[in-house]
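Please read the structure below before turning to the comments.
Position 1 is the first residue of the sequence, and the numbers go up from there.
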Amino acid sequence: MTLPLTLIVFVLAMGSHLHSFISPHIQPWIELVLATPVVLWAGKPFIERCWTSYKTRNLNMWSLIGVGVLAAYIYSVVATIFPSVIPMEAKTGHGVAVYFEAACMIVSLSLLGQIMELKARAKTADSLKALLKLQANTAKLVQNDQVVEVDIGMVKQGDILQISSGEQIPLDGVVVEGKTYVDEAMMTGEPVPVKKQVHDTVIGGTVNQQGSIRIQTTAVGANTTLAKMIQTVAEAQRSKAPLQRLADVFAKYFVIVVLLISVLTFAAWMVFGGAQFDLALMCAVAVLIIACPCALGLATPMSVMATTGRAAQKGVLFKDAEAIEALSKVNTLIVDKTGTLTEGKPSLKEIQLLSPNVNQAQAEQWIASIEQYSSHPIAHTLTQLVPAQQLLKVADFEDVTGFGVKGQIGEQTLYIGSQKLLEQLGITLDDTLQSQLNQQRATGNVISFLSNSQEVLAYISIHDAIKVNAQQVIQQLIDDGIEVVMATGDHEQNAQLVAKELGIQQVYGNCTPTEKLDIVKKYQAQGKIVAMAGDGINDAPALAQANVGIAMGNGTDIAKQTAQVTLVKGDIRGAADALHMAKLGVRNMKQNLAFSFVYNGLGVPVAAGIFYPLTGLLLTPMFAAVAMSLSSLSVVLNALRLQKSK
């Protein structure tokens with residue numbers, strides 16, 4: 001109803017030829033009747049927000065819109081009902097000048113702006129909607145060798161689910177039967193289907209492309225990867241960036257300045273403009289409308305929503321808008337090696353016995369039994385050394401942060417970990433063995449040790465291949481001005497070998513959690529803005545210390561809780577994507593803010609009529625409202641460009 005009534009009022013006000021059909025004394029009354037529902041009904045939310053802003057002293061764009069609408073409407077009502085109180089200067093040959101069309105247009109265009117904003121927000125949330133659509137409603141539950149389709153809410157952690165070829169995987173789990181290829185593109189941004197077999201993890205919401213598999217669920221409800229992604233993206237899109245808080249403060253004082261300019265504009269026209277009351281009022285109202293900080297209010301929220309939405313499609317989750325702005329300033333990236341630069345799916349080369357007190361089968365059984373409780377990427381490979389039914393009971397399992405793991409089997413406490421773990425136990429290696437181990441490391445193998453508290457029982461040689469895209473991504477980061485540093489708990493020699501192949505100049509091996517923390521502090525002391533990418537408990541202190549913590553989606557919960565950015569697919573490509581999207585997002589925010597400032601800086605003087613004596617240029621409240629809406633539209637369209645960024 002608002003738009004038709006506004007158009008009729010506009011035609012009546014602008015169509016001077018209608019005066020031959022409608023009496024100039026009747027026309028204002030017709031406009032009053034038509035404009036009243038537009039202003040007092042459709043414009044009621046704006047007026048209420050305006051009143052609230054003044055009552056709470058929290059001035060914003062509604063402060064200007066409300067005053068502009070009420071000024072034009074109340075003056076026009078008084079001029080219509082009590083024309084005798086209006087100064088002669090405000091009267092024309094057709095009677096008293098009224099501005100109902102301005103009040104109506106301001107309301108209608110503000111409503112249009114709100115609709116455009118809502119549609120734009122909906123568009124930027126397309127990625128969130130896509131994630132919501134991935135949530136399954138039902139699952140095929142395996143019970144007593146029978147497959148029963150049940151509501152997803154009935155599935156419990158540990159249940160076995162059947163997923164046929166072409167079906168969506170309903171929940172997170174581990175493959176316990178069969179093998180297939182899974183399309184994880186929506187969740188991880190990885191376009192190539194990933195091979196899955198027994199013991200491999202799968203993510204709820206992804207699609208089983210080939211082959212029938214059975215999985216054991218590892219997370220249900222709000223604890224699934226998909227549910228956490230949706231929650232993270234939604235919270236990030238509602239958050240404010242530091243730039244937005246700065247804009248809010250500016251807008252508050254800007255409103256006060258504009259109100260003063262509006263009053264001064266009216267006074268100047270009355271004093272220096274020949275006491276032309278109608279022109280004075282028109283210019284004062286036009287200043288209020290064109291200065292409305294709608295574009296300023298939309299500048300950063302639209303950019304934040306578009307950035308977080310597009311990043312989610314790439315498998316990058318920003319904790320909040322502040323993380324986007326902080327990451328855009330990063331010039332140093334510290335990364336772990338295993339699972340980030342390497343595949344994180346190591347292959348076992350050999351287990352070499354070093355003690356006559358243990359045999360091969362016994363060593364393998366001990367290693368597999370203890371490693372079943374570890375979250376380290378190497379643990380998955382070692383757990384498969386023996387069948388699941390041969391795994392032994394382990395008591396007092398402990399993750400010796402940064403060094404390895406330990407557990408008690410029977411009466412014996414066993415340790416699996418790095419050479420630093422042996423040093424903590426007071427165990428030393430002879431020169432012959434050191435030489436042998438160095439030869440293994442020179443070929444890129446990672447060495448771990450099985451020991452008790454007195455002696456080394458065996459060493460484990462594992463090869464973890466470098467990811468195929470790692471070298472290209474590292475070079476891209478370096479070309480973009482990012483200093484890449486490797487900090488890993490692996491042996492120095494092995495770390496240097498991987499770093500050399502990837503072109504990383506700064507390398508730190510044999511790092512404990514404290515040493516990783518110190519490395520972050522070292523670069524920060526040099527004035528660097530540091531991002532730390534890690535996936536384990538041992539990375540948590542460094543993640544918290546870094547200017548921006550980046551957690552791998554396949555990492556531990558403590559790492560993800562500590563970090564401001566989470567990469568669903570835990571590799572260096574995700575870190576590069578996160579940095580790229582952050583820089584694009586902040587650049588977009590700055591573009592929008594700059595446009596808003598320039599627009600208001602130029603628009604206010606024009607609306608005040610400064611150029612009228614020289615050029616005859618005068619901006620009516622109606623056209624000021626049009627200009628205001630177009631400025632908001634331009635900000636929205638600029639933010640939406642991020643949705644198509646690569």
Side-chain angles (χ1 to χ4, degrees), residues 61 112-134 185-189 229-248 251 293-330 480 548 550 564-568 574-599 629-646:
M61 64 182 182
L112 181 61
Q114 292 286 289
I115 293 170
M116 287 192 303
E117 179 185 346
L118 290 173
K119 287 187 176 181
R121 287 181 183 273
K123 189 169 183 179
T124 58
D126 281 348
S127 58
L128 191 58
K129 293 177 183 177
L131 290 176
L132 288 167
K133 289 179 182 178
L134 291 178
M186 185 60 215
M187 298 293 292
T188 67
M229 277 186 72
I230 292 169
Q231 181 66 18
T232 300
V233 175
E235 288 177 355
Q237 291 190 337
R238 290 194 298 267
S239 63
K240 284 188 176 183
L243 277 174
Q244 173 63 33
R245 290 194 284 272
L246 179 63
D248 289 344
C294 293
L296 189 63
L298 289 172
T300 59
M302 291 306 304
S303 297
V304 168
M305 292 188 68
T307 302
T308 53
R310 181 62 180 136
Q313 292 174 342
K314 290 174 170 283
V316 176
L317 304 179
F318 290 106
K319 189 174 185 179
D320 51 34
E322 191 168 351
I324 298 173
E325 195 165 333
L327 190 60
S328 71
K329 301 174 183 177
V330 164
D480 290 341
V548 181
I550 302 175
Q564 291 98 335
V565 181
T566 300
L567 310 179
V568 177
D577 285 340
L579 284 160
H580 179 65
M581 286 306 305
K583 289 182 184 298
L584 285 180
V586 170
R587 185 169 66 189
N588 194 270
M589 291 182 209
K590 290 179 178 178
Q591 289 170 349
N592 284 346
L593 286 172
F595 176 80
S596 301
F597 292 143
V598 170
Y599 162 79
S629 298
L630 291 176
S631 70
S632 299
L633 179 61
S634 65
V635 165
V636 168
L637 293 177
N638 187 49
L640 291 179
R641 290 191 306 112
L642 290 171
Q643 293 282 28
K644 298 180 181 179
S645 62
K646 294 184 179 180

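- Note that CG of Leu593 is 7.5 Å distant from OG of Ser303, once rounded to the nearest 0.5 Å.
- Considering only heavy atoms from C-beta on, Ile324 comes within 4.5 Å of Val586 through its side chain.
- There is no side-chain donor-acceptor pair under 3.5 Å between Asn588 and Thr307.
- Across Ala639 and Ala306, no two heavy atoms sit closer than the pair O-CB, 3.3 Å.
- Contact check for Asp577 versus Leu567: no side-chain heavy atoms found under the 4.5 Å cut-off.
- To the nearest 0.5 angstrom, Leu327 atom CG is 5.5 Å from Phe318 atom CZ.
- In terms of the side-chain contact (heavy atoms from CB on, under 4.5 Å) criterion, residue partners of Ala326 (sequence neighbours excluded) are, by chain and number, Val548.
- Once rounded to the nearest 0.5 Å, the distance linking NZ of Lys590 with CD of Glu325 reads 7.5 Å.
- The line from CG of Leu642 to CZ of Arg587 is 9.0 Å long, rounded to the nearest 0.5 Å.
- At a threshold of 4.5 Å between non-hydrogen side-chain atoms, the residues Val304 and Met589 count as touching.
- Arg641 is linked by a side-chain hydrogen bond (donor to acceptor under 3.5 Å, both in side chains) to Gln591, Asn638, counting only residues two or more places apart in sequence or in another chain.
- In this structure, Leu317 and Val565 have side chains that are not in contact, with every pair of non-hydrogen atoms separated by 4.5 Å or more.
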Inset, instruction - Take Leu579 and Asp480, measure what side chain to side chain contact (heavy atoms under 4.5 Å, CB included) needs, and give me the verdict at the end. - result: CA-CA 10 Å; Leu579 284 160; Asp480 290 341; over 6 Å; no
